[in-house]
There are 2 protein chains.
Amino acid sequence: MAGNLSTPGASVASRVFALLGAFDAEHRTLSLTALAERAGLPLATAHRLAGELVGLGGLERRGDRYVVGRRVWDLGLLAPVQAELRQVAAPFLHDLYAATHATVHLAERAGTEVLYLDRLSGRTTVPVVSRVGGRLPLHTTGVGKVLLAHAPDDVLRTVLADLSRVTPYTITQPGRLREQLRRVHREGFAQTVEEMSPGACSVAVPVRRGADGEVVAALGLVVPDLRRGRARLVAALQVAAAGIGRSLSTE
Amino acid sequence: MAGNLSTPGASVASRVFALLGAFDAEHRTLSLTALAERAGLPLATAHRLAGELVGLGGLERRGDRYVVGRRVWDLGLLAPVQAELRQVAAPFLHDLYAATHATVHLAERAGTEVLYLDRLSGRTTVPVVSRVGGRLPLHTTGVGKVLLAHAPDDVLRTVLADLSRVTPYTITQPGRLREQLRRVHREGFAQTVEEMSPGACSVAVPVRRGADGEVVAALGLVVPDLRRGRARLVAALQVAAAGIGRSLSTE
DNA sequence: GGCAAAGTTTCCGCTGAGTGGGAGGATCGG
DNA sequence: CCGATCCTCCCACTCAGCGGAAACTTTGCC
């Protein structure tokens, strides 16, 4: 994990975040050894610091494994991560869910990835890999394609230069993706067919801030099949996106 | 704010959390001076540490105010705060919302307070003060009364000893509250009428883990008026709570 | 404009908090 | 029983962090 933080010169604060940053969606619990390893800290240091963090609520111990502490959850909920957007969007997401019973996503672009801001998923839905706070590639998801179509040129170039394959259907040819992004502009929505996850298709539309039309986010649906009813889904998305955009204040 | 952390002996990690802990729902942005004050740190120290945290993503600067950083949001979402419960409950919360269009709450008891784990609120709803990750008194909310009715004796005693008044209708007499808690047991649900927030009423039921019947959480609805349709709301809540309880694994 | 007050940033020398190698335990499996 | 693996603790050295104080910026008032 990143440069060796055990070298003198690294602040304690950075070590705190190194420890916390050792956790991710695939590693929600870690043994001390794994924690030290992933944080790039000597065992003794990790042990002492981890103990301290447990006392502060930044970590929790469950048996001999560590997990991120409740205190961090508390604090994180205070972070203004698109707070207004999420607030405004919430009822529209419910409406979409009620109308479609598909998994509903609200996402923004974070660099060259999609960042999922909110998600509603029902009982009977295709398994979806997204997660609020999670990031996925821009070229493999519906919301990602929408955001990519409206991203600055340098982002597009970076993404096109490295189209990783996720499923057999993932689009890895820059030319094909470029063509699809043009269609996103022309038709106003993006779609994917099993490009991120087998058995999952998606459609997505941009959310434009009412005042200036800037694309601030994307709204998407994940369904098992798009061959029937796509038009209805897109229409529902567009209604919701327009409603959200209208309700957003000018920054 | 707590003991003076500027005295030597306090670890850097504790100062980091002191700074982050200076933020709360009412203070989501702070000037440097306010931050230092609320964290109990000397100005120079707060300034340096805050700068460091900005570099690490733990804080963000907006103009000359600080807010909690995205990194903390990211990390917090990895904290296993009733992860299974929230996951299992999500679709039931949607159902409840679809059926009632009321604000839906999922909450657990954290010491002598209610901790809101999830919340769905629609467009047209009474203004509600709850917030995911937020805490409220046990005796002024529907979910709180449910949780209090099933809390250990020492918690009950502590709460009864200090029934703070929030609105003119808040129950502040231990006797009356005791009587209501008995009714919660007898009738299987709790209610409030403008006891937390003027114009807001609520009903709530316990969520019992299927395996052992232990009350692990409470499920509640907030509506403008309970005089009509209360029975329907309670019935809907009970169906949902039973469904959630059945889906919970034995810990 | 001039001045005071409040808030923010920088400087710098002293010092004890933090560090981490290593020893010592605990636990497991063969 | 022994070795492997992981966790905990110790302690002497040292440099990262500390914070008082001074400089600087912004704001608001006369």
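Per chain, numbering begins at 1; letters A, B, ... match sequence-line order.
Following rounding to the nearest Å, L49(B) (CG) and dT10(C) (P) show an atom-to-atom distance of 15 Å. Across the protein-nucleic acid pair, D64(B) atom CG and dT25(D) atom P stand 15 Å apart, rounded to whole Å. With rounding to whole Å, L30(B) atom CG is found 17 Å from dA6(C) atom C1'. When rounded to the nearest whole Å, the span between CG of L41(B) and C1' of dT8(C) equals 16 Å. The CG-P distance, from L35(B) to dT9(C), rounds to 12 Å in whole Å. Separating the CZ atom of R65(B) from the P atom of dG7(C) is a distance of 11 Å, rounded to the nearest angstrom. Rounded to an integer number of Å, the gap from R62(B) CZ to dT8(C) P is 17 Å. Rounding to whole angstrom units, CG of residue L43(A) and C1' of dT5(D) are separated by 11 Å.
Comparing dC18(D), dC7(D), dG17(D) by their nearest atom to the side chain of L32(A) picks out dC7(D). Taking every side-chain heavy atom of H47(A) into account, dT8(D) is the closest of dT8(D), dT9(C), dG17(D).
Using a 4.5 Å heavy-atom cutoff, the side chains of R28(A) and R65(A) are not in contact. Taking the side chain as every heavy atom from C-beta outward, L41(A) and R15(A) approach each other to under 4.5 Å. Residues M196(A) and V129(A) have side chains in contact (heavy-atom distance under 4.5 Å, counting atoms from C-beta outward). In this structure, the side chains of I244(B) and R208(B) stay at 4.5 Å or more apart for every pair of heavy atoms.
Within the nucleic acid shown, T45(A) comes within 4.0 Å of at least one base atom, counting heavy atoms only.
Contact between the side-chain N/O atoms of R15(B) and the OP1/OP2 oxygens of dG17(D) is not found at any separation under 4.0 Å. For the pair T33(B) and dT8(C), the criterion of a side-chain N or O lying under 4.0 Å from OP1 or OP2 is met. The side chain of R48(B) places no N or O atom within less than 4.0 Å of a non-bridging phosphate oxygen (OP1 or OP2) of dT10(C). Between R61(A) and dC7(D) there is no side-chain N or O to OP1 or OP2 distance below 4.0 Å.
Place A44(A) and V12(A) on DNA chain D by their nearest nucleotides, and A44(A) ends up nearer the 5' end.
Look at R157(A) and D154(A) and you find no salt bridge, because none of the NZ, NE, NH1 or NH2 atoms lies under 4.0 Å from a carboxylate O.
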